[in-house]
Amino acid sequence: MEIDVQLRAERKEKLPAAQFGFGEKVSDHMLVMTYDADAGGWNRPEIKPYQSFSLEPRALVLHYGQSIFEGLKAFRRPDGHIALFRPEQNIRRMNASARKMAMPEIPEALFMDALLKLVDIERDWVPAEAGASLYIRPLMFGSDAVLGVRAASRYILCVMLSPVPPYFVPGGKPFKLLAREDCARTVAGGTGDAKTAANYGRSLVPLDAARREGYDNLLWLDSEQHRFVEEAGITNVFVQYADRVVTPPLSGRILPGITRDSVIRLLRDEGRTVLEQETDIGDLVRDIDDGRVHEIFLTGTATVVAPVDEIGFRGRRHALQIRDDGLALSLYRQLTQIQYGLAPDRHGWMRAL
Ligand SMILES: *Cc1c(COP(=O)(O)O)cnc(C)c1O
């Protein structure tokens, strides 16, 4: 399928990414694909100036939450080339989220072509500063206007681009997490493994409360026993012991992070034992206090890899020592060097334009 391209007559002024916050700026253009079940499915992708949508108040997404998204990045290399990190994984995961939310899957090759074309057109928006990148945000939602509860028959898929500063830099402030037993991010048999809007809306009240107590984010526990560690905010979590690194299994309740998967590969490449295993919060804080936990770190596209220096649980604070030669910072360097083309890409993760 061809892609329609309609460019702005004049480009907006670009600023260095460091001067603004995450997602504050968008590039000149966006990609839009629409779907209509009654008119042959997906329409021809369009790249056009970034603009508002017009939706009826009855649009199904506004009532019943059929909305999914993704997040990935493009990097500028020292030679000026642009490369994306594992974009095929995001496309695949977006389709998994779509299946879960009764939304149509997007043809992978068509989506990839259109996405790469958009980034190519907007290549000047990929920042050159160290640690900065172009954040790519695909979004899809049900758009038809009826009030009955059912899956939409029409959808809008769009991809917007935002130059972003690094979210965490080595030497930056580590993260403090609060584990609470009175709330959960998701439930068994729910939508925890999909990047769908309600998972995030639901997290804002407890997140706000945690921030008022001086924490950066929540360490989510399972919804049934409030015992097993699941995720931290919107990142996956790893715990390093002397002989092993442990991360929660893909139970259907956690988001299968692409950074999580990449970090597991890098750790196994180093010959480390990585166990995908449930971690009991009571055991974890006892092990922290006994000095058995070397490090806890978070992984995600925005964060990359970031260390944790405190876990709050049942009114007590459990502190961790941050080490400059620790695993979190080593993984941060390894991953970013691959992303910026400064280290060999042994697993074929980078997709150059
Ligand atoms: C996106 C996300 C992650 C991280 O996934 P990456 O593919 O590594 O960016 C982890 N947890 C949640 C809840 C997320 O939404």
Side-chain angles (χ1 to χ4, degrees), residues 22-23 65 67-75 84-98 100-101 115 133-140 159 162 164 166-168 175 177 179 183-188 190-204 206-207 210 216-223 228-239 245 247-267 274 276 279 296-306 308 328 331-332 334-336 338-339 347 349-351:
F22 200 88
S67 176
I68 59 174
F69 68 94
E70 268 303 325
L72 65 159
K73 281 173 170 177
F75 301 88
L84 281 66
F85 184 68
R86 306 189 75 181
E88 73 293 341
Q89 297 295 321
N90 294 88
I91 289 176
R92 200 171 297 162
R93 190 172 64 189
M94 184 128 179
N95 277 337
S97 298
K100 185 137 229 178
M101 298 304 291
L115 181 74
S133 55
L134 187 69
Y135 183 76
I136 303 169
R137 167 57 63 91
L139 170 74
M140 178 170 39
V159 179
S162 176
V164 293
Y167 198 75
F168 170 81
F175 288 75
L177 305 175
C183 64
R185 191 183 80 93
T186 179
V187 295
T191 53
D193 57 353
K195 267 182 131 63
T196 185
N199 290 348
Y200 305 86
R202 188 269 155 277
S203 72
L204 301 174
L207 175 60
D216 299 297
N217 224 316
L218 290 149
L219 184 62
W220 295 108
L221 304 179
D222 77 280
S223 63
F228 298 113
V229 171
E230 294 194 332
E231 299 197 58
I234 53 167
T235 55
N236 296 110
V237 59
F238 288 74
V239 182
V245 180
T247 192
L250 299 180
S251 55
R253 301 187 310 263
I254 74 167
L255 205 282
I258 296 160
T259 320
R260 173 188 181 278
D261 179 75
S262 310
V263 158
I264 291 174
R265 294 249 212 122
L266 292 175
L267 289 168
V274 183
E276 295 179 69
T279 294
I296 298 179
F297 54 87
L298 313 175
T299 66
T301 294
T303 314
V304 191
V305 182
V308 171
L331 288 164
Y332 179 97
Q334 286 185 58
L335 209 50
T336 50
I338 294 169
Q339 291 172 332
H347 295 289
W349 285 338
M350 302 311 296
R351 175 73 191 250

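Order of appearance sets the numbers: ligands from 1, and atoms from 1 within every ligand. FYI, side chains are in, hydrogens and waters are out, and symmetry mates aren't considered; it's all heavy atoms of this structure. Numbers here are sequence positions counted from 1.
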The answer, listing residues by chain and number that come under 4.0 Å of ligand 1 through any heavy atom, is Arg93, Arg185, Lys195, Tyr200, Glu231, Ile234, Thr235, Asn236, Leu255, Gly257, Ile258, Thr259, Gly300, Thr301
With sequence neighbours left out, the residues meeting ring-ring contact (aromatic ring centres under 6.0 Å, His included) with Phe228 are none
With sequence neighbours left out, the residues meeting ring-ring contact (aromatic ring centres under 6.0 Å, His included) with Phe175 are none
Answer yes when Arg93 and Glu70 have at least one side-chain N-carboxylate O distance shorter than 4.0 Å, and no when they do not.
yes
So OG1 of Thr247 and CZ of Phe297: to nearest 0.5 Å the spacing works out to 8.0 Å
So CD1 of Ile234 and CG of Leu298: to nearest 0.5 Å the spacing works out to 11.0 Å
Hits for side chain to side chain contact (heavy atoms under 4.5 Å, CB included) against Ala184, two or more places apart or cross-chain, chain-then-number order -> Ser223
